[in-house]
Enquirer: 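This is the structure I have questions about; it appears just below.
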There are 2 protein chains.
Amino acid sequence: MSEEKTSQAAIAYDLLKADIINGAHRPGDKLLMSHLKTQYDIGAGPMREALSQLVSERLVTAISQRGFRVAQMTQEEMEDIYDARAHLEALIVRLAVERGDEQWEAEVIGKAHTLARVDEINSAEDMLNIWDMRHKAFHLAIAKGCSSPKLLEMRAALFDQAERYRQLWLKQTVFSQSALAAKREEHQALVDALLDKNAERASALMYAHLMSPVSIISELIAEN
Amino acid sequence: MSEEKTSQAAIAYDLLKADIINGAHRPGDKLLMSHLKTQYDIGAGPMREALSQLVSERLVTAISQRGFRVAQMTQEEMEDIYDARAHLEALIVRLAVERGDEQWEAEVIGKAHTLARVDEINSAEDMLNIWDMRHKAFHLAIAKGCSSPKLLEMRAALFDQAERYRQLWLKQTVFSQSALAAKREEHQALVDALLDKNAERASALMYAHLMSPVSIISELIAEN
DNA sequence: AAATTTAAAAATATCTACATTTTTATGTTT
DNA sequence: AAACATAAAAATGTAGATATTTTTAAATTT
């Protein structure tokens with residue numbers, strides 16, 4: 001989905017996806033064509049194309065002749081996504097340890113360092129965005145070691161589906177010193193296992209790392 | 001992608017996908033809008049929607065303002081898809097053994113039986129289709145044991161991407177008694193491992209089972 | 001004369017505005 | 001109150017307009 005594109009459909013896709021993930025369009029909301037057209041100033045055709053894409057990514061649901069809605073967020077879906085994602089990422093990390101070269105190790109260590117240095121930032125607003133960006137970059141650097149475009153694609157797809165749930169967790173975590181410290185330790189343990197070329201240990205740590213937010217998110221969903 | 005839908009876009013999607021997989025549209029072919037419109041008697045809007053879907057499934061490529069082409073088939077992509085798929089399916093089968101219940105076991109045994117009985121069919125033409133259908137059903141029955149909709153989705157996505165390559169292999173296999181017999185043994189060993197609740201063994205067998213076509217497909221690609 | 005550049009024409013992709021069909025809401029009748 | 005009819009709203013599709021790219025031909029340069 002990434003070309004140098006300026007088609008109306010591509011613009012609509014990006015805007016809409018962002019607004020669904022950041023909650024501007026809430027789960028269950030009806031995505032009225034007339035409203036979307038005026039909101040984004042994009043015609044019905046390209047808008048349909050964008051919506052259709054998002055349906056296949058499970059962020060939007062469609063019923064024939066009855067339009068589109070923002071996909072619901074449910075406890076069950078969250079647990080499934082997180083479980084699937086953790087298992088997939090555990091697989092990927094195992095392959096990464098087996099297949100990753102020195103260049104890969106260097107990248108991982110670099111990103112780990114950048115992430116660890118994030119507590120030197122003061123502004124609370126920036127903090128969330130910067131930590132999130134670097135955290136993502138760190139994990140992506142690890143995953144890339146598997147050298148499988150297709151596995152990385154699947155990973156990205158599951159990541160997008162997790163993103164709305166993940167946002168809930170992020171706010172809780174980034175503004176808690178203890179939670180951040182815990183994450184820092186998990187990351188360090190992960191890096192140690194990677195450098196040890198201990199695939200099984202790295203894989204197990206990654207699974208645990210990705211599953212740890214589940215109980216917190218679970219509570220946050222229940223509260224709403 | 002499965003509702004009770006009769007929208008033009010959905011029809012276009014199904015037809016186009018089928019024609020790409022069965023080779024009516026060859027890899028690299030330009031998918032000319034004017035041609036597609038007349039061929040399928042569907043307007044440009046819905047057709048774009050369908051094409052756009054297929055781009056996200058990697059069966060079609062798009063360049064902005066320059067239209068759509070059938071995605072190329074390459075050695076590298078084939079190896080990546082098969083490797084990713086085998087690893088994913090190995091993961092799924094491990095989970096299936098751990099999570100599957102009696103109902104699941106019964107389904108698997110049923111499908112295995114139906115598949116084994118396929119050599120009673122005479123017509124060569126039917127043979128390919130029937131064996132393929134039952135083979136797919138057998139593997140799907142196994143996979144369902146993992147009880148994860150998301151993992152099954154990812155599995156299906158990779159399956160669709162493999163399908164064009166798989167078609168090459170299928171013709172070689174189904175019409176060779178020895179190849180069929182080999183597959184029959186692999187399936188039997190797999191079922192035995194499943195019933196033994198031997199997750200690691202089942203997982204390893206599944207990986208090998210899915211990787212075994214790679215060398216044959218590799219040669220077939222090289223020939224073209 | 002061959003190669004390269006430029007300009008015009010044709011082909012093509014993409015978008016917008018309008019038309020059609022279907023669904024939903026409202027009001028009416030039994 | 002249930003069933004039906006009517007009107008409004010909305011989704012979907014079509015056809016034509018617009019913008020971009022590709023091709024073709026001519027003109028210029030080497």
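Here the structure is a predicted model, which is why all the values come from computation and not from measurement. Proteins get letters first, then strands, A, B, ... in listed order; numbering begins at 1 in each.
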Enquirer: Check whether any side-chain heavy atom of A:Leu36 lies under 4.5 Å from a side-chain heavy atom of A:Leu51, and answer yes or no.
Expert: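 Side chain of A:Leu36 against side chain of A:Leu51, heavy atoms only: contact under 4.5 Å found.
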
Enquirer: Side-chain contact test, heavy atoms from C-beta onward, threshold under 4.5 Å: evaluate it for A:His139 versus A:His209 and give yes or no.
Expert: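 Of all side-chain heavy-atom pairs linking A:His209 with A:His139, at least one is under 4.5 Å.
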
Enquirer: Could you work out, with side chain to side chain donor-acceptor pair (under 3.5 Å) as the rule, every residue matching B:Thr74, not counting sequence neighbours?
Expert: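 Listed in chain order: nothing, the list is empty.
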
Enquirer: Check the interface with nucleotides 12-15 of chain C: list each N/O to N/O pair with the protein under 3.5 Å, or write none.
Expert:
unit_1, atom_1, unit_2, atom_2, d
C:dA13, OP1, B:Lys30, NZ, 3.3
C:dA13, OP2, B:Met33, N, 3.1
C:dT14, OP1, B:Gln65, N, 2.9
C:dT14, OP2, B:Arg48, NH1, 2.3
C:dT14, O5', B:Arg48, NH1, 3.0
C:dC15, OP1, A:Gln8, N, 2.3

Enquirer: Can a salt bridge be assigned to the pair A:Asp132 and A:Arg166 using a cut-off of 4.0 Å between side-chain N and carboxylate O?
Expert: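 So A:Asp132 pairs with A:Arg166 through a salt bridge.
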
Enquirer: Please work out which of the three classes, parallel, tilted or perpendicular, describes the rings of B:His187 and B:Phe138, given edges at 30° and 60°.
Expert: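 Aromatic pair B:Phe138/B:His187 classed perpendicular.
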
Enquirer: What residue among A:Ile20, A:Leu54, A:Leu16 forms side-chain contact (heavy atoms from CB on, under 4.5 Å) with A:Val70?
Expert: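 Going through the options one by one, the only one that passes is A:Ile20.
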
Enquirer: Where does the chain B footprint on DNA chain D start and end, counting 5' to 3' with a 4.0 Å heavy-atom cut-off?
Expert: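 Terminal contacting nucleotides, 5' to 3': D:dG13 to D:dT22.
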
Enquirer: Counting C-beta onward and ignoring hydrogens, is there a side-chain heavy-atom pair between A:Phe68 and A:Lys30 closer than 4.5 Å?
Expert: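 No, too far: nothing below the 4.5 Å cut-off.
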
